[in-house]
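Below is one structure, written out as C-alpha cells; comments come after it.
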Amino acid sequence: MSSIGTGYDLSVTTFSPDGRVFQIEYAAKAVDNSGTVIGIKCKDGIVMGVEKLIASKMMLPGSNRRIHSVHRHSGMAVAGLAADGRQIVARAKSEANNYESVYGESIPVKELAERVASYVHLCTLYWWLRPFGCGVILGGCDRDGPQLYMVEPSGISYRYLGAAIGKGKQAAKTEIEKLKLSEMTCREGVIEVAKIIYKVHDEAKDKAFELEMSWVCDESKQQHQKVPDDLLEEAKVAARVALEEMDAD
Amino acid sequence: MNCMDSKQPETGLLGPESDSQRTLYPYVTGTSVVALKYKDGILMAADMGGSYGSTLRYKSVERMKPIGKHSLLGASGEISDFQEILRYLDELILYDNMWDDGNSLGPKEVHNYLTRVMYNRRNKFNPLWNSLVLGGVKNGQTYLGMVSMIGVNFEDNHVATGFGNHLARPILRQEWHENLSFEEGVKLLEKCMRVLLYRDRSAVNKLQIAKITEEGVTISQPYSLKTHWEFSAFQNPTQGAVGSW
C-alpha cells in the first residue's frame, strides 16, 4: 500500500513501471484523511451524512457546509480538500443548469455523474493541472428512481447502493453492508446513517465533530434538502444511545 | 456573440450593422395587466390573449406566473420575451434555493433584479419588449412594483400596464383604499377588466385573477366577464346613416 514511487511520482502524466499513476493515488490519500462521508440508497430515496471534524471551537455550528445541492433533485457530499470540493460542486451546478436549458428537463443523475467524473478525470491528464484532492458522493432522484454515485479523484465513477469515503470508510462500509437497504425508508435511513457516523468516529484521534445530513426522498418531495432539524436531533439521540449501549457491553 | 460582424465602420450609437440581433418590434403580444394591494396581499388580473398583430391568435396564454415563494409576475408585451424572463428568474430562484439557508428572495429583490435586466438590455438597444408587474408578500410586508421595457421602475398601491394605464388606473385612483377585502378587490379588478374588455381591441374575454398572500399564490381558473350590449343606441345602428341600406 505505501510504496515509494521514487522518480515516477513527480507528475500526473507519468506512469510507473508497474502501471500506476502515483499522483492520483496520493490525491486519494488526501481524501482518506478527511472526515467520513456516507451515502445510502433506501427504498424511497437517498440519505447522505458527513462527519464534519471541527477544527476550532470558534467555528459557528452550521457553517462550512459539506453537502451541497446541485439542482432541485440532487446533491453532493464532499470529502477531502474543501476548496477542491467547492470547485467540483460549482462545475456540477453549471452542468445541471446547462442540461436543463438545452434539454428542458432536469439532468438525469447518471448523466450528471458522468459529467462530474469526466471533469475530475480531466485534471489527471495534464502536467500543469493537479488532480482534485476530493471524493464526492452524488445522490439524486430522477424518473428512474433514486440513484447514488461516487466519484473518486482518479475520475472513476460507479453507482452504489451504499458508499463511504474518508477516515472511517472501511468500518463504515462494513456497517452499511449489514443494513437491509431495500426495505428501509429514508426516515429510518437517517437514523442508521447517524448511528454509523457516531460509531466510526474516532474519539481518541479527533475530538469534536458536527453531523450534517441531507436527503432526497418522497418526504422531501423529491427535492434535495437538509434533513429537517427535528429528525436530525432524533437521529443524534438514537446514535448516542446506540453508542452507549455498545460501550456498556 | 456577433461572429458575423460586417466590415462596415461602426458609426453612430447602434454598434455593428447586425440588426437581426436586436429586438425591433414585438410579434406576439399580451395586453394589459392590472394589479392592486389589498388587506392580505396582492391581487392581479390579466386576460389570456396573445395577439399576433391585430389577430387574436392565442387565447390561452398564461401571463401571470408565481416566482419563488413570495412573488407573482405578470407581463404584457412580447410573450417570447416574457418566457425568457421566466427562464432567468427560474435560474435565479434555483440558485437561491440551493443555498438551503432558510432565506429566500422576496418581491423587492426580484423587482430590483428585473429592473437591472430590463435597463441593461435597453442600454444595448436590444430590449425585452415587456411591461412587468411584480407583486408579493414577505414577512407581512406587501409589495407591488412595475418595470417597463425601458427600465422605468416604481412601486405603488395599484399598477397597470398598457391600456390599463389609461383606462384602469383612473378607476383605481377613485375607488382604491387601504385594507380592501378580497371580495372588494376582486370586484374592483373585474370592473377595470370589464372596461378594458369593452374598449381595448386586443382584450379577450377570458381572464384569470391571481392572489398572493403570506400563505402563497393562487391563480384562478380562466373565466369570462358578463358584458352588456343591449343599449338602445346599438339597436338598428344604421338607421338614419347616410349611404346605408
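Throughout, protein chains are lettered first and strands after them, A, B, ... in sequence-line order, and every chain is numbered starting at 1.
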Do A:Ile67 and B:Asp100 make a side-chain contact, defined as non-hydrogen atoms from C-beta onward lying under 4.5 Å apart?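 Side-chain contact under 4.5 Å: no.
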Are any non-hydrogen side-chain atoms of B:Asn97 and A:Arg72 less than 4.5 angstrom apart?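 No - every pair of side-chain heavy atoms lies 4.5 Å or more apart.
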Looking at CD of A:Glu100 and CZ of B:Arg87, how far apart are the two atoms once the value is rounded to the nearest 0.5 Å? 9.0 Å
With rounding to the nearest 0.5 Å, note down the distance linking NZ in A:Lys226 to CG in B:Asp101. 7.5 Å
If you count heavy atoms of other groups shown closer than 6.0 angstrom to [atom1] of [X], is the number above 12?
X	atom1	answer
B:Lys138	NZ	yes
B:Lys108	NZ	no
B:Gln141	CD	no
B:Tyr95	OH	yes
A:Asp144	CG	yes
A:Tyr158	OH	no
B:Tyr143	OH	yes

Answer with side chain, backbone, both or neither: which region of A:Ser214 has an atom nearer than 4.5 Å to a non-hydrogen atom of chain B? neither
Taking all non-hydrogen atoms of both residues, which atom of A:His71 and which atom of B:Met98 are closest, and how far apart?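 Heavy-atom minimum between the residues: N-SD, 3.5 Å.
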Tabulate, in ascending numerical order, the residues of residues 37-75 of chain B having at least one heavy atom closer than 4.5 Å to a heavy atom of chain A, or enter 'none'. none
